[in-house]
S.K.: 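The structure is given below, and queries will be raised subsequently.
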Amino acid sequence: MPEIRYIDAINQAHHDEMARDERVVVLGEDVGRKGGVFGATVGLIDKFGEDRVIDSPLAESSIAGVAIGMAANGLIPIAEFQFADFIHPAFNQIVSEAARMRYRSNNAFGCPVVFRAPFGGSHGTALYHSQSIESFYAHVPGIKVIVPSTPADAKGMLKAAIRDPDPVLFLEHKRMYRLVKGEVPDGDYVVPIGPAAVRREGRDLSVIAYGWMLYESLRAAEMVASEGINAEVVDVRTLAPLDKDTILKSVAKTNRALIVYEDNRFVGYGAEIAAIIAEEAFGDLDAPVMRLGAPQVPGIPFSKPLEEWFFITKEKIADAIRKLAAY
Amino acid sequence: MPEIRYIDAINQAHHDEMARDERVVVLGEDVGRKGGVFGATVGLIDKFGEDRVIDSPLAESSIAGVAIGMAANGLIPIAEFQFADFIHPAFNQIVSEAARMRYRSNNAFGCPVVFRAPFGGSHGTALYHSQSIESFYAHVPGIKVIVPSTPADAKGMLKAAIRDPDPVLFLEHKRMYRLVKGEVPDGDYVVPIGPAAVRREGRDLSVIAYGWMLYESLRAAEMVASEGINAEVVDVRTLAPLDKDTILKSVAKTNRALIVYEDNRFVGYGAEIAAIIAEEAFGDLDAPVMRLGAPQVPGIPFSKPLEEWFFITKEKIADAIRKLAAY
Amino acid sequence: MSAMEAKARVTPARHKTLGLTDKDVLDMYYYIALARALDERMWVLQRAGKAMFVISGPGHEGCQVGAMWPMDKQRDWFVPFYRSIAACLVKGMTASDMLLGLFARANDPSSGGRQMPGHYGHPRVKILSTSSPVGTQYPHGVGIAYAAKIRKTGEITMVAIGEGGTSQGDVHEAMNWAGIYKLPVIFVVENNAYAISVPLHKQVAGGNVAARAAGYGFPGVSADGSDVLECYRVAKEAHDRAKRGEGPTLLEFRVPRLGSHSSDDQQERYRTKEEIQADRRRDPLQTFRQYLESVAVMNEGTHKEITDRIKREIDEATDFADRSPLPEPDSGARYVFHEGD
Amino acid sequence: MSAMEAKARVTPARHKTLGLTDKDVLDMYYYIALARALDERMWVLQRAGKAMFVISGPGHEGCQVGAMWPMDKQRDWFVPFYRSIAACLVKGMTASDMLLGLFARANDPSSGGRQMPGHYGHPRVKILSTSSPVGTQYPHGVGIAYAAKIRKTGEITMVAIGEGGTSQGDVHEAMNWAGIYKLPVIFVVENNAYAISVPLHKQVAGGNVAARAAGYGFPGVSADGSDVLECYRVAKEAHDRAKRGEGPTLLEFRVPRLGSHSSDDQQERYRTKEEIQADRRRDPLQTFRQYLESVAVMNEGTHKEITDRIKREIDEATDFADRSPLPEPDSGARYVFHEGD
Ligand SMILES: Cc1ncc(C[n+]2csc(CCOP(=O)(O)OP(=O)(O)O)c2C)c(N)n1
Ligand SMILES: Cc1ncc(C[n+]2csc(CCOP(=O)(O)OP(=O)(O)O)c2C)c(N)n1
Ligand SMILES: [Mg+2]
Ligand SMILES: [Mg+2]
């Protein structure tokens with residue numbers, strides 16, 4: 001199996017699925033000749049033409065809305081938002097329309113659209129090119145939200161999303177695009193939407209994370225391993241619908257849970273995981289469910305010292321692990 | 001003190017504050033001659049004229065955006081969204097702009113706007129005139145979110161919101177407008193944004209709620225009282241910033257917590273309260289923190305049997321109370 | 001032979017010059033009258049406590065029937081708004097369909113009773129499911145048309161909205177897409193001069209919706225929405241244009257609003273008696289009837305036949321809808337996602 | 001006296017007929033050249049690893065200086081976008097202000113280093129803080145102008161965007177508001193024919209942004225953005241109109257894009273060499289210099305003076321910005337809300 005970068009996995013999934021099913025089209029800003037600002041759609045326009053690779057106007061609400069209409073009339077659109085920060089103008093179309101089309105029509109119409117968006121902070125991404133948006137959408141019934149963390153998952157889950165008859169928000173942490181490499185199965189394969197994955201076995205406590213925080217958590221787990229703390233690390237992968245069984249099973253084993261997320265802590269996605277553990281694993285818990293989330297400021301500030309102040313690093317996670325282990 | 005309806009309290013606060021401060025203006029759909037579809041702005045246009053009571057075009061994004069600009073140039077706008085369901089087109093303006101203006105400008109510019117919206121389900125409000133939107137905004141640092149439940153609070157907190165130098169999302173549960181009546185202090189007064197209120201003292205468990213769920217919870221508490229269960233009921237009132245001390249104090253006393261919210265349960269606002277209690281009151285808890293939220297469907301269906309199936313009623317709350325008490 | 005009939009024989013009737021047969025225009029009248037009668041029935045049922053809410057389109061029926069007439073019932077798409085009763089009837093929905101929606105029954109084809117009345121949708125006759133947020137349907141119409149172009153299906157899409165709705169950003173974005181890609185879509189704006197209580201001059205800068213089209217490089221036409229044949233004429237042209245691959249057209253129909261916004265509204269609070277009265281004189285049902293009588297296509301007798309038929313149909317439909325089952329409570333949990341084939 | 005100078009004496013110089021003095025146009029040139037030089041410096045610093053990111057406006061400076069010239073530096077408002085360097089300089093920001101932003105220092109007046117470079121804002125000279133999402137600033141500009149009207153302050157507001165940004169719903173909504181209420185606002189669209197890689201014909205239906213204004217009932221003007229005096233002329237007219245209470249104007253300036261979208265972009269991937277070359281011939285810095293020389297307002301000497309002065313200023317500013325402190329880490333927690341007076 002070849003080792004490829006996360007961004008290449010995304011790109012391959014596009015190429016494969018567009019070749020496999022002519023109903024699949026891509027639309028978004030700069031997805032054509034430029035191949036997307038991160039390169040996710042490179043090469044598509046040459047292979048599939050301007051009819052299927054659409055450089056959209058700079059208008060996110062209608063990128064979503066046009067995709068919804070296309071899906072109603074037999075296409076399978078992949079709508080790229082250049083940055084997750086810029087999905088906000090499409091909030092109404094996604095929440096009121098895409099997520100409700102099937103329910104409100106009593107199953108008469110569906111909405112097989114994949115909404116892709118690079119999210120999360122990297123160096124210099126500042127207030128408006130770094131947002132975590134998962135909690136907004138994971139809250140909305142009718143849309144699936146996935147955050148794959150490995151190239152193999154990215155490729156396999158993007159294929160799953162494209163083949164899914166319902167709308168899927170596909171979030172790609174931009175720090176992974178070029179940094180994360182991994183093996184990817186040969187040929188056609190799908191990684192199902194739903195199941196979480198235990199990325200590191202441990203018995204002392206469970207760290208539950210997704211996106212870039214998975215990597216910081218895995219590193220933190222290594223840091224504390226030498227101190228005799230054996231942390232299990234769970235990769236949530238699918239935020240909605242959530243695979244709570246895998247999480248609860250882990251907590252039943254370790255009796256301690258730390259949830260790590262890059263988004264602002266308050267009413268962030270991690271609150272749901274914490275609430276579920278608190279309610280359903282009450283008898284298993286030897287310590288309070290802990291959360292590590294970002295500071296309550298509107299976004300990641302640009303200037304280096306501020307950015308560092310904001311970021312959740314392996315060091316901060318290791319500290320939280322130590323605190324939880326010592327409880 | 002006179003007894004007035006919730007909607008009258010809202011209306012009075014408008015009249016008072018507009019008379020008190022000529023910088024206060026109102027904008028929104030049908031807020032002028034019609035006085036708003038619920039009557040919140042009745043009488044304002046006659047008293048304050050078309051310059052200060054603006055029947056806006058049917059365009060929520062710019063209702064928010066224009067209000068933000070007005071605030072930057074010396075006015076204090078109250079922007080009414082006709083239904084909370086229709087605030088979605090303004091998501092970008094509220095999240096990216098209003099909530100971030102002060103932070104991103106390093107305190108050079110502020111954004112003293114009040115965004116008002118009737119939310120929640122009542123009879124026949126169906127999928128698109130009934131939504132609970134609090135979790136979307138309570139998650140966003142830089143904006144305050146309040147949900148007053150009594151006429152006295154509605155009036156006093158709306159005044160506080162108008163005088164607040166930062167953006168405030170003011171949510172009015174539409175089922176309370178005409179049903180909820182109460183005494184309101186004479187003269188000018190303010191109810192501060194922040195503090196929660198214990199509406200019913202109890203010792204067996206804490207029910208934590210806001211909006212219409214407060215009333216259903218109070219009724220449920222009466223129902224179980226005869227069975228010997230003595231429930232404390234906390235009215236959250238301000239969702240962001242949350243007064244967690246009052247909640248934790250209550251749980252420290254009762255050792256059991258049930259959070260009731262009308263919104264979809266998953267990643268709803270109640271998850272945050274549950275997560276806080278689970279983490280910070282771990283030692284106090286004799287039972288798992290429980291949540292009662294709406295079913296995971298995209299909204300409240302219209303047809304009577306479906307609507308009843310969806311609604312969280314005092315009976316459903318009473319059942320949850322009994323279950324928690326019996327743990 | 002009356003003097004009027006004599007005159008009709010001399011100058012060819014307008015509808016004939018437009019290529020419409022006598023049967024066509026009688027059918028058109030039938031739909032206008034059916035929509036109006038349904039409308040009235042719905043208000044009666046609401047006042048009688050049999051329905052929670054009515055939103056309907058009295059005054060809009062003429063332009064809707066005229067505009068929908070060139071559309072192919074099977075092939076073409078329609079994306080309606082809540083006033084589109086007459087348009088949906090022409091497209092293929094029935095009086096029963098409408099009343100099943102009003103009563104929120106399990107077999108309501110639009111939503112199985114999940115949505116408020118007036119939220120039409122019907123997969124069999126290619127009417128997209130609609131929601132309440134004003135404006136979102138415009139990009140949907142464009143997406144459907146875009147798919148038709150890519151898939152080369154020859155489908156034309158018509159999407160409707162009120163003049164208030166044109167203030168929404170989505171409407172602009174949709175028209176921009178359609179203009180860029182010359183999509184086979186017809187944008188209909190039914191301008192009744194009010195958005196609930198907000199009058200045209202506080203809603204539409206410039207006062208003329210059709211004038212917006214020029215800015216997107218395609219034609220915009222403003223037509224008298226009470227002149228059914230004129231509405232048909234401009235829609236036919238738009239339809240032909242779309243078919244020829246020449247792209248979108250914006251049609252603004254200036255219509256009267258013959259009632260309050262909905263059963264929750266009282267227009268007397270913001271409109272003068274005189275204005276309401278003046279609107280009544282523009283009733284398309286009356287103007288079209290006058291036309292049909294003037295060209296001797298309809299007389300007392302045919303009019304009564306149509307009216308009786310409509311009454312019968314609506315009575316039956318009311319009965320049928322009333323006897324239809326409500327949804328099972330637990331069915332509320334279904335169809336959040338696809339449930340397998 | 002050269003032949004050129006002789007000619008200049010015969011027909012009065014264009015700027016004179018527009019009411020601009022020689023000093024005015026030399027000052028205008030200074031700002032254009034200053035913006036360009038700052039721009040170049042920023043790219044040098046970025047390539048040297050001293051700055052993470054640059055987004056700037058080479059090719060846009062002429063129209064910005066021309067458009068901003070009639071504005072009152074103290075009274076009027078400006079709502080910029082990321083290419084508005086020259087406009088912000090004319091409005092009162094300094095080279096140091098710009099470089100403090102580039103280096104994200106604590107004393108950066110736009111954001112204290114919290115935002116990426118290019119996100120201007122300055123309360124003292126009434127430049128509203130800007131964000132990254134394209135289009136949101138248009139309603140802000142309208143709100144500011146609306147407040148000015150209500151408060152009767154006489155302020156004029158100018159708000160700027162690229163042609164790509166006009167696709168956003170917010171831009172339509174803003175123009176509609178402004179048209180309805182005849183607000184004192186000037187809508188500027190700097191049309192460089194690209195939105196990152198997306199060319200004009202895939203962005204602007206009809207191809208002509210200025211044509212949109214007619215649909216809102218106010219004037220739209222499309223001007224050659226490399227003709228500084230023409231930009232001034234149309235902006236002056238718009239300003240006068242606004243002052244007279246006649247409402248908004250839409251100004252489209254057709255400008256060259258003389259570089260890649262930003263330091264993260266390589267325009268060679270989607271533009272031909274010929275096209276990039278052709279844009280270079282429309283450089284406003286060069287065309288304005290030629291004009292000034294042709295009317296004998298500038299010669300080698302004055303040009304060198306200006307260039308030297310600019311170099312000195314930018315060197316000093318770079319130095320100053322470089323020596324300025326970075327924000328304290330913990331200060332990141334501040335100003336989420338008002339902190340009391
Ligand atoms: C986004 C949104 N905002 C507000 C509303 C509430 N609303 C429903 S219809 C309406 C007025 C629509 O006016 P217009 O588009 O002119 O259509 P008309 O009802 O006059 O036919 C309003 C404000 C809504 N449904 N959606
Ligand atoms: C809402 C939003 N979507 C996408 C982007 C990413 N983006 C930044 S600038 C830009 C292109 C803007 O083009 P144009 O408006 O023509 O201005 P120009 O850069 O050409 O001057 C894009 C797509 C953004 N900043 N905001
Ligand atoms: Mg209307
Ligand atoms: Mg551009």
Side-chain angles (χ1 to χ4, degrees), chain A residues 27-39 41-42 45 50 54-63 65 81-90 92-93 122-131 264 266 294-311, chain D residues 51-53 101 103-106 108 111-117 119 130-136 161-172 194-199 201-205 261-267 269-271 325-337:
Chain A
L27 67 166
E29 296 152 13
D30 304 290
V31 297
R33 200 59 55 207
K34 188 172 163 79
V37 296
F38 291 104
T41 57
V42 161
I45 198 163
E50 296 201 356
I54 301 161
D55 268 325
S56 76
L58 210 178
E60 286 79 7
S61 183
S62 52
I63 291 174
F81 297 96
Q82 201 156 79
F83 287 84
D85 312 67
F86 307 138
I87 201 172
H88 294 338
N92 189 38
Q93 283 286 355
S122 187
H123 296 298
T125 51
L127 280 171
Y128 291 101
H129 293 75
S130 66
Q131 286 171 62
N264 305 114
F266 194 75
Q296 280 310 108
V297 302
I300 308 181
F302 179 71
S303 196
K304 206 88 201 153
L306 301 177
E307 188 179 272
E308 275 163 18
W309 166 81
F310 184 97
F311 278 143
Chain D
M52 285 208 68
F53 176 76
F103 292 156
R105 302 296 157 142
D108 154 34
S111 77
R114 291 175 170 199
Q115 291 216 68
M116 283 181 165
H119 289 65
T130 47
S131 63
S132 305
V134 166
T136 49
I161 200 167
E163 89 292 347
T166 65
S167 298
Q168 289 286 0
D170 269 7
V171 170
H172 158 72
Y194 279 91
I196 309 187
S197 74
V198 181
H201 69 274
K202 290 190 178 182
Q203 187 72 248
V204 176
H261 173 74
S262 74
S263 56
D264 286 345
D265 181 46
Q266 305 82 33
Q267 63 176 342
R269 288 185 57 178
Y270 52 82
R271 291 182 83 185
L326 286 165
E328 289 300 319
D330 287 358
S331 73
R334 301 198 61 183
Y335 307 128
V336 177
F337 293 111

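Below, all heavy atoms of this structure are taken into account, side chains as well, without hydrogens, waters or symmetry copies. Just so you know, these numbers come straight off a predicted model, no measurement behind them. The chains referred to below are lettered A, B, ... by the order of the sequence lines, with proteins before strands, and numbering in each begins at 1.
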S.K.: With Gln115(D), which residues qualify under side chain to side chain donor-acceptor pair (under 3.5 Å), at least two apart?
M.R.: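 Counting only residues at least two positions away or on another chain, Gln115(D) forms no side chain to side chain donor-acceptor pair (under 3.5 Å).
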S.K.: I'd like to check Met52(D) versus Phe302(A) (side-chain heavy atoms, cut-off strictly below 4.5 Å). Are they in contact?
M.R.: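 When only atoms from C-beta onward are counted, Phe302(A) and Met52(D) do touch, with a gap below 4.5 Å.
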S.K.: Atom CZ of Arg114(D) and atom CZ of Phe310(A): how far apart are they, to the nearest 0.5 Å?
M.R.: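 The CZ atom of Arg114(D) sits 12.0 Å away from the CZ atom of Phe310(A).
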S.K.: By a 4.5 Å heavy-atom criterion (distance strictly below it), what part of Glu307(A) contacts chain D: side chain, backbone, both, or neither?
M.R.: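 Looking at Glu307(A), nothing touches chain D.
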S.K.: Do any of residues 28-36 of chain A come closer than 4.5 Å to chain D, heavy atom to heavy atom, and if so which ones, in number order?
M.R.: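 Only Asp30(A), Arg33(A), Lys34(A) of residues 28-36 of chain A have a heavy atom under 4.5 Å from chain D.
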S.K.: Measure the spacing between NE2 of His129(A) and CG of Asp264(D) and express it to the nearest 0.5 Å.
M.R.: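 Reported to 0.5 Å precision, the distance equals 8.5 Å.
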S.K.: Would you compute the distance between atom CZ of Arg334(D) and atom CG of Leu306(A) and round it to the nearest 0.5 angstrom?
M.R.: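 Here the rounded value is 12.0 Å.
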S.K.: Ser331(D) versus chain A, heavy atoms under 4.5 Å apart: side chain, backbone, both or neither?
M.R.: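 Contact with chain A is through both the backbone and side chain of Ser331(D).
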S.K.: Sort out for me which of Ser111(D), Pro117(D), Gly112(D) touches chain A most, counting heavy-atom pairs under 4.5 Å.
M.R.: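 Max contact count across the listed options: Pro117(D).
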S.K.: Pick one of side chain, backbone, both or neither for Val134(D), based on which atoms fall under 4.5 Å of a heavy atom in chain A.
M.R.: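 For Val134(D), side-chain heavy atoms alone lie under 4.5 Å from chain A.
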S.K.: Measure Asp330(D) against the heavy atoms of chain A and call it side chain, backbone, both or neither at under 4.5 Å.
M.R.: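 Asp330(D) touches chain A through backbone and side-chain heavy atoms alike.
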S.K.: Answer with side chain, backbone, both or neither: which region of Ser56(A) has an atom nearer than 4.5 Å to a non-hydrogen atom of chain D?
M.R.: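 The backbone, not the side chain.
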S.K.: For each of Ser131(D), Pro199(D), Gly135(D), tally heavy-atom pairs with chain A at distances under 4.5 Å, and name the one with the top tally.
M.R.: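 Most heavy-atom pairs within the cutoff with chain A belong to Ser131(D).
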S.K.: Within the 4.5 Å heavy-atom criterion, are Pro329(D) and Glu308(A) side-chain neighbours or not?
M.R.: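 Contact flag for Pro329(D)/Glu308(A) side chains = no.
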S.K.: Determine the option with the most heavy-atom pairs under 4.5 angstrom with chain A, choosing from Val336(D), Val204(D), Ile196(D), Asp265(D).
M.R.: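 Most pairs with chain A among the choices: Ile196(D).
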S.K.: Which bit of Glu328(D) comes within less than 4.5 Å of chain A, counting heavy atoms only: side chain, backbone, both or neither?
M.R.: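 Contact with chain A: backbone only.
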